[in-house]
Number of protein chains: 2
Amino acid sequence: MQIRNTKSKDEVLRILSQSDYALSHTEIENQCAVAFDRVTLYRILTGFEQQGVVHKIVGNDGKARYATCKNECTDHEHHKDNHLHFGCNDCGKMYCFDNKTIELKMPKGFKAQQFNYAVFGTCPDCNQ
Amino acid sequence: MQIRNTKSKDEVLRILSQSDYALSHTEIENQCAVAFDRVTLYRILTGFEQQGVVHKIVGNDGKARYATCKNECTDHEHHKDNHLHFGCNDCGKMYCFDNKTIELKMPKGFKAQQFNYAVFGTCPDCNQ
DNA sequence: TTTATCAATGCAACAATGTTGCATTTAAAT
DNA sequence: ATTTAAATGCAACATTGTTGCATTGATAAA
Ligand SMILES: [Mn+2]
Ligand SMILES: [Mn+2]
Ligand SMILES: [Zn+2]
Ligand SMILES: [Zn+2]
């Protein structure tokens with residue numbers, strides 16, 4: 001036994017799966033039908049992240065946002081989520097560009113483990 | 001009259017200029033010879049950022065770090081600081097790779113204004 | 001089904017980061 | 001020297017995230 005299914009985790013995963021952009025803790029809480037503690041959400045998301053179910057993107061505001069991982073993961077290698085993100089300065093939405101992968105060779109001696117590629121500006125909806 | 005020179009600002013700029021990596025608020029405070037309020041530092045750094053004197057990088061920890069801008073800026077166009085950064089998970093240092101510029105065409109409708117390109121892992125010093 | 005185990009949760013308490021309002025200080029133009 | 005408003009100090013606050021510990025509950029085993 002390692003990981004257990006719970007209503008809270010189901011609900012969080014449901015919300016993230018149905019969203020077409022990355023969600024912050026607050027945004028997830030607001031969309032939750034089931035009610036549970038704030039700390040629980042932190043632990044759920046951290047857990048999901050470690051399992052490779054979701055990935056985290058940090059915006060210019062320093063706030064974490066989470067999105068489900070679309071790319072395939074093997075048991076031996078979780079995908080790296082080294083793709084581009086776009087945060088709208090107007091509406092606050094953080095988009096995942098899953099197909100816009102960024103492959104960079106690190107300078108000698110630097111070993112890459114996580115990626116946080118984000119651009120900020122205005123999204124199409126806010127560009128009228 | 002727009003911007004005034006002060007000891008605080010001189011000190012912050014001195015510290016940032018002499019550092020070979022980006023510094024967080026706390027790191028700057030610790031290196032400060034002159035003493036001034038925490039809020040003042042926030043305002044100084046925000047001001048520098050708007051003037052294009054420094055740029056901000058946000059790490060996986062959600063904390064802002066600042067580094068002087070090495071590339072040239074014109075009055076009409078501040079440089080974009082669209083270069084790669086590397087944050088060490090061990091020692092916490094955030095490096096600027098000023099020559100590793102990332103030029104990406106945004107998807108239609110998205111207008112880019114700020115950039116936050118960061119990779120995390122272990123730096124050469126911590127790779128023993 | 002019942003029992004045992006420990007992952008998951010709730011709650012309180014806390015730390016860190018960042019923001020705002022307002023009175024005071026002070027750089028620098030006049 | 002006088003004037004102006006940029007810069008600062010201080011208090012108060014909001015938000016985000018973390019930790020410890022008792023309790024609950026999912027699930028494997030009896
Ligand atoms: Mn993504
Ligand atoms: Mn940089
Ligand atoms: Zn938008
Ligand atoms: Zn290091």
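Reminder, nothing fancy here: chain letters follow the sequence lines and each chain counts from 1.
- Ring geometry, B:F115 versus B:Y117: the interplanar angle falls from 30° to 60°, so the pair is classed tilted.
- Using bins of under 30°, 30° to 60° and over 60° for the plane-to-plane angle, the ring pair A:H85/A:H55 lands in the tilted bin.
- Residues that satisfy the side-chain hydrogen bond (donor to acceptor under 3.5 Å, both in side chains) test with A:Q128, not counting sequence neighbours, are absent from this structure.
- Atom NZ of A:K63 is separated from atom P of D:dA14 by 14 Å (rounded to the nearest Å).
- An angle of 30°, rounded to 10°, separates the two end axes of the helix from C:dT1-D:dA30 to C:dT30-D:dA1, each defined over five pairs.
- Every side-chain contact (heavy atoms from CB on, under 4.5 Å) that B:R43 has, sequence neighbours left out, goes to B:V39.
- Per the geometry, CG belonging to B:N60 stands 18 Å off P belonging to D:dT16, to the nearest Å.
- By the side-chain contact (heavy atoms from CB on, under 4.5 Å) test, A:K9 pairs with A:I3, A:T6, A:I44, A:F48, sequence neighbours left out.
- C:dC11 atom P lies 15 Å from atom CG of A:L41, rounded to whole Å.
- The stretch residues 25-33 of chain B has no heavy atom under 4.0 angstrom from DNA chain D at all.
- Computed from coordinates, the B:Y42 OH to D:dC13 C1' distance equals 14 Å when rounded to whole Å.
- The salt bridge (Lys or Arg N to Asp or Glu O under 4.0 Å) check on B:E49 picks up nothing, with sequence neighbours excluded.
- Every side-chain hydrogen bond (donor to acceptor under 3.5 Å, both in side chains) that A:T122 has, sequence neighbours left out, goes to A:N127.
- Annotation: side-chain hydrogen bond (donor to acceptor under 3.5 Å, both in side chains) contacts of A:E103 (sequence neighbours excluded): none.
- Scanning for ring pair (Phe, Tyr, Trp, His ring centres under 6.0 Å) contacts around A:Y21 gives an empty result, with sequence neighbours left out.
- Shown here are the side-chain hydrogen bond (donor to acceptor under 3.5 Å, both in side chains) partners of A:Q113, two or more places apart in sequence or in another chain: B:N89.
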Just the table, please: protein N/O against nucleotides 8-10 of chain C N/O, every pair under 3.5 Å.
unit_1, atom_1, unit_2, atom_2, d
C:dA8, OP1, A:R4, N, 3.1
C:dA8, OP1, A:K9, NZ, 2.8
C:dT9, OP1, A:T6, OG1, 2.8
C:dT9, OP1, A:S8, OG, 3.2
C:dG10, OP2, A:D37, N, 2.8
C:dG10, OP2, A:T40, OG1, 2.8
C:dG10, N7, A:R43, NH2, 3.3
C:dG10, O6, A:R43, NH2, 2.7

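- Distance CG (A:D10) to P (D:dA26): 11 Å, rounded to an integer number of Å.
- Partners of B:E27 according to the salt bridge (Lys or Arg N to Asp or Glu O under 4.0 Å) rule, which considers only residues two or more places apart in sequence or in another chain, are B:R65.
- Between the P atom of D:dA7 and the CG atom of B:L13 lies a distance of 14 Å, rounded to the nearest Å.
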